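From a predicted model like this one, the values you see are computed outputs, not experimental measurements.
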Amino acid sequence: HARQNGIQFVATATEDNLHAIYQTIGGNPYAIKLVVDLLDLWPLADLLHELKRGSDGSPQDLYIHIYRQTWRSLSENAKLLLQAMPLVADMGGSTTQLQAITQLQDEFWTAVSELRRRSLIEVRGAIDEKRYGIHRLTQTFLSTEITGWGSDG
């Protein structure tokens with residue numbers, strides 16, 4: 001994943017570095033992708049310290065911490081687009097739908113690219129019609145931590 005996204009210093013990490021990542025987040029492939037994407041911005045020791053801080057060690061809590069750090073790293077346009085994603089069907093939203101919801105025009109593609117680099121948006125469909133969706137865990141984070149749509153309040 002690091003090589004595919006051009007994050008070379010992660011792709012050439014030492015065994016000790018990789019072991020420290022695994023010890024902190026375990027072996028879940030999606031969590032690894034999200035953390036690798038964060039390592040494009042964060043020094044390894046700082047990120048691992050932040051993920052451990054206040055975590056109870058449960059997978060759910062770990063994902064919340066990973067998503068919070070990812071959320072903080074996003075531009076305002078990327079946040080706006082990500083918040084719109086739960087509004088589209090599970091099959092994803094079209095460019096037209098998402099641009100109408102977010103009112104992003106010229107900035108839309110920059111936001112899509114940013115979310116794609118952070119493994120937060122999934123591109124679906126065929127070559128002539130793309131749809132954009134999100135992972136179930138991302139949707140849960142957005143609805144409970146960001147929009148509050150999934151909270152009891």
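- Closest approach of Leu80 to Thr102, counting heavy atoms only: CD2-O, 3.3 Å.
- Counting only distance, with no hydrogens or angles, the side chain of Glu107 and the backbone of Leu104 share no donor-acceptor pair below 3.5 Å.
- The minimum heavy-atom distance linking Gln99 with Gln105 is given by the pair NE2-O, 3.6 Å.
- The CD1 atom of Ile134 sits 11.0 Å away from the CD atom of Gln83 when rounded to the nearest 0.5 Å.
- A continuous path of ILVMFWY side-chain contacts below 4.5 Å connects Leu39 to Leu41, so both sit in one hydrophobic cluster.
- In the hydrophobic cluster analysis, where Ile, Leu, Val, Met, Phe, Trp and Tyr join through side-chain heavy atoms closer than 4.5 angstrom, Leu115 is grouped together with Leu137.
- A donor-acceptor pair is defined here as one N or O able to donate and one able to accept, closer than 3.5 Å; no such pair exists between the side chain of Asp40 and the backbone of Asp37.
- Nearest heavy atom pair, residue Val88 against residue Gly93, reads CG2-N, 3.5 Å.
- Leu87 and Ile121 fall within a single hydrophobic cluster, where Ile, Leu, Val, Met, Phe, Trp and Tyr are joined by side-chain heavy atoms under 4.5 Å apart, directly or via other members.
- Using cut-offs of 30° and 60° on the angle between ring planes, the pair Phe141 and Tyr67 is parallel.
- Side-chain contact between Asp46 and Glu50 is absent, with no heavy-atom pair separated by less than 4.5 Å.
- The pair Arg117-Glu114 fails the salt-bridge criterion, with no side-chain N (NZ, NE, NH1 or NH2) lying under 4.0 Å from an Asp/Glu carboxylate O.
- The nearest pair of heavy atoms linking Lys130 to Val123 is CD-CG1, 3.7 Å.
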Take Gln69 and Val35 through the side-chain contact (heavy atoms from CB on, under 4.5 Å) test and state the conclusion after the steps. CA-CA 9 Å; Gln69 298 313 312; Val35 167; over 6 Å; no

Kindly determine whether Trp71 and Leu142 satisfy side-chain contact (heavy atoms from CB on, under 4.5 Å), including the steps that lead there. CA-CA 10 Å; Trp71 179 259; Leu142 290 169; 4.1 Å; yes

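- Each of Thr70, Ile146, Leu120, Asn77 was checked for a side-chain contact (heavy atoms from CB on, under 4.5 Å) with Leu82, and the lone residue meeting it is Leu120.
- The nearest pair of heavy atoms linking Ser73 to Arg118 is OG-NE, 3.9 Å.
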Quick one: do Tyr30 and Thr138 satisfy side-chain hydrogen bond (donor to acceptor under 3.5 Å, both in side chains)? Show the steps, please. CA-CA 10 Å; Tyr30 190 57; Thr138 307; 3.0 Å; yes

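- Between Met85 and Leu98, the shortest heavy-atom distance links the atoms SD-CD2, 3.8 Å.
- No salt bridge links Asp90 with Arg131; every basic N to acidic carboxylate O contact stays at or beyond 4.0 Å.
- Cluster membership check: Ile32 shares its hydrophobic cluster with Leu44, using side-chain heavy-atom separations under 4.5 Å among Ile, Leu, Val, Met, Phe, Trp and Tyr.
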